[in-house]
Amino acid sequence: MPDLSVTLAGVKLKNPILPASGTLETVDTPMLAGDLSQLGALVNKTVTRDRRDGNPPPRVWETAAGMLNSVGIPSIGIDEFMKGGLPRLRARNDRIIVSIAGFSVREFVELAETVAAAGLADFIELNLSCPNLESGVLWSTDSGLLAEVVGGVRRAVNVPLIAKLSPNVTDIAEMAAVAESAGADALGLVNTFRGLAIDVRVKKPALGNTTGGLSGPAVKPLALYAVWSSYRRVRIPIVGMGGICSWRDAIEFMLAGATAVAVGMYNFVEPGCMWEIRDGIDRYLAENGFNGAKDIIGLAHRNQ
Amino acid sequence: MESNAYTRTAIVRTVKNAPAGYLDLTIEEPAIAGAARPGQFVMLRFGRTLDPILPRPFDIVETVGNGRSFRLIIKIVGAATRLLESVRTGDEVRVTGPLGAPITDFNCRSLALLVRGCGAAAVIAFLQEARRRGIAVHSVLSASSASKFILRDEFAALSDTLILATDDGSAGEKALGTDVLRRLLAERKVDRVYSCGGGPFYLPFLEEWERSKISPVYLFLESYMACGFGHCHGCAVPRRDGGYSLVCRDGPLFRLSEVKDPCLIYQ
């Protein structure tokens with residue numbers, strides 16, 4: 001039996017499969033999926049300092065092989081999250097990634113300090129790339145801001161940091177290098193691509209917030225390239241995501257250089273898909289004679 | 001909240017193309033059919049296509065076949081429902097359900113119901129339970145034309161009074177659904193008013209009635225949604241006290257006074 005475990009920034013995960021932030025509610029909603037303790041880690045929907053309602057509807061719009069969303073991070077706020085959400089999340093898996101978003105460097109730092117002080121997070125994901133927040137993607141499209149926010153949080157906490165970056169840049173490998181230099185322990189590649197749909201019946205933008213973030217299989221080759229090019233540039237590990245629907249997609253991301261993979265939009269289509277993907281990776285490794293999942297990370301580069 | 005929802009591959013047992021523009025399906029899936037309660041729905045996907053990729057929400061009209069199957073009535077409106085037009089008896093579909101908050105509040109003795117078009121599909125199971133509990137049901141069924149009524153026989157069987165209204169006068173009265181409801185409410189006192197379908201055309205009267213405080217108004221809402229089980233946060237309906245509710249998790253039935261601008265998602 002192949003060993004599915006991987007080590008992400010010094011922390012061992014029992015397998016490389018995670019939900020992408022905001023696509024698998026782990027508290028207070030129906031649990032349709034499989035056993036949450038059997039995923040590599042759990043990730044909360046990004047939490048902000050203050051309570052937020054999110055954006056006006058419509059918030060989702062289907063596109064060819066994908067969807068746009070303009071949900072806009074509804075959040076219970078950090079205090080409620082620390083009291084209720086995080087302990088409940090912790091009870092469901094022994095590896096937890098806490099995803100946070102701030103509206104200033106100071107807010108990011110304070111959020112990270114609050115999370116770190118509780119000692120319940122194995123990683124902090126800095127969501128530097130939400131296309132549905134005013135100035136949300138700026139954090140990872142402006143290299144100066146990126147260095148400032150990652151560096152600021154780095155100096156404040158010792159918890160491993162995952163910098164989740166926007167694909168809406170000319171050269172994501174360059175931004176990956178900036179995040180690495182500023183002290184990120186891992187990268188989340190990639191968040192959604194900013195996009196637009198127009199409802200021809202009403203002749204105006206389909207989403208309540210005008211633009212949205214595109215995810216789903218439509219973006220997979222773009223996301224895979226982001227992982228590929230960043231892997232060649234940085235030494236820190238990568239959590240790959242963008243349109244993963246099957247074990248084959250997940251394997252592609254790992255061969256391109258991802259240490260772990262996150263499933264996003266497809267959780268909405270097939271709530272059990274992450275467990276099927278894990279089993280598919282297991283079969284693939286066995287059939288191809290690999291001892292473990294870590295053996296295929298970045299292998300496509302070496303096989304070139 | 002503990003869920004009793006399942007994602008299953010289910011078999012289509014019967015397919016009827018009636019009336020024109022609608023599909024009437026029976027789907028065999030005992031776990032989902034057995035767990036379904038009034039007000040609930042399923043997310044359904046036919047064919048593992050990439051476009052459309054998302055499943056679509058459809059109300060469970062009723063449970064049939066000794067509780068082993070459920071019935072859906074689907075209006076053909078877009079890419080996913082056009083794809084469903086090719087479904088045949090024996091085909092497999094992917095179904096997640098039952099979803100939505102079951103309706104458990106039947107604390108009334110009488111109700112009036114205004115339904116337009118395919119909105120009828122959402123309320124049959126609710127009416128069956130209301131009747132079982134001895135609640136008097138007074139229904140107004142509205143459509144553009146006689147050929148556009150769905151579930152007309154079911155409404156007749158489940159209503160103490162049933163008034164039909166069409167835009168063109170081809171069946172029942174040539175009248176607006178809300179005008180017929182206004183008259184009905186003037187003639188008899190009911191404890192509650194329910195409405196499904198009709199979108200923005202019905203809201204002005206329903207809001208006027210809610211403000212009158214004679215009897216509270218409840219709406220069955222629908223919305224675009226990606227998942228149907230509270231994870232995507234796509235089907236947000238603004239709440240009057242601020243923030244949003246989710247149609248899939250908190251609905252589909254809402255007290256009108258609790259929501260704001262339901263037209264944003266109520267089509």
Side-chain angles (χ1 to χ4, degrees), chain A residues 19-20 22-34 45 51-76 132 199 201-202 206-209 212 215-218 220 243 245-246 264-273 276, chain B residues 1-9 40 43-45 48-56 77-80 94 96-101 221 223-239 241-250 259-267:
Chain A
T23 63
L24 181 79
E25 287 286 325
T26 44
V27 287
D28 301 334
T29 47
M31 290 318 313
L32 294 146
K45 189 169 183 67
R51 189 186 166 85
R52 289 175 50 82
D53 294 329
N55 286 328
R59 288 175 167 185
V60 292
W61 192 263
E62 186 177 58
T63 60
M67 64 179 273
L68 287 162
N69 89 79
S70 63
V71 171
I73 311 194
S75 172
I76 55 175
N132 299 316
D199 183 342
R201 295 171 308 165
V202 293
L207 293 170
N209 199 44
S215 59
K220 196 193 84 178
C245 301
S246 66
M265 181 252 198
Y266 209 63
N267 285 322
F268 304 148
V269 180
E270 282 288 337
C273 70
E276 286 174 22
Chain B
M1 184 173 85
E2 282 304 306
S3 168
N4 54 0
Y6 308 87
T7 301
R8 294 283 163 84
T9 298
Q40 292 195 289
M43 296 296 288
L44 181 142
R45 190 174 179 222
R48 300 213 166 193
T49 56
L50 285 176
D51 185 15
I53 184 168
L54 293 173
R56 295 292 192 272
V77 292
R94 281 295 271 179
T96 298
L99 300 168
L221 294 185
S223 171
Y224 295 116
M225 56 183 73
C227 71
F229 39 84
H231 292 199
C232 76
H233 291 254
C235 57
V237 55
R239 280 199 311 266
D241 62 0
Y244 296 93
S245 291
L246 298 183
V247 171
C248 76
R249 184 190 65 195
D250 306 315
V259 294
K260 197 172 67 175
D261 300 328
C263 283
L264 283 174
I265 56 155
Y266 181 52
Q267 309 196 351

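Residue numbering restarts at 1 for every chain, and letters A, B, ... go by the order of the sequence lines.
- Counted by atom type alone, R94(B) and T9(B) present one or more donor-acceptor pairs between their side chains at under 3.5 Å.
- Two residues are said to be in side-chain contact when any heavy atoms from C-beta on lie closer than 4.5 Å; V237(B) and P57(A) fail this criterion.
- With contacts defined as side-chain heavy-atom distances shorter than 4.5 Å, the pair P271(A)/F229(B) qualifies.
- Judged purely by distance below 3.5 Å, without hydrogens or angles, the side chains of N267(A) and T23(A) pair a donor atom with an acceptor atom.
- Interface remark: M43(B) contributes no atoms to any contact with chain A (heavy atom separation under 4.5 Å).
- Of the listed residues L50(B), L54(B), D51(B), the one with more heavy-atom pairs under 4.5 angstrom with chain A than any other is L54(B).
- When A65(A), G54(A), P74(A) are compared by the number of non-hydrogen pairs under 4.5 Å with chain B, A65(A) comes out ahead.
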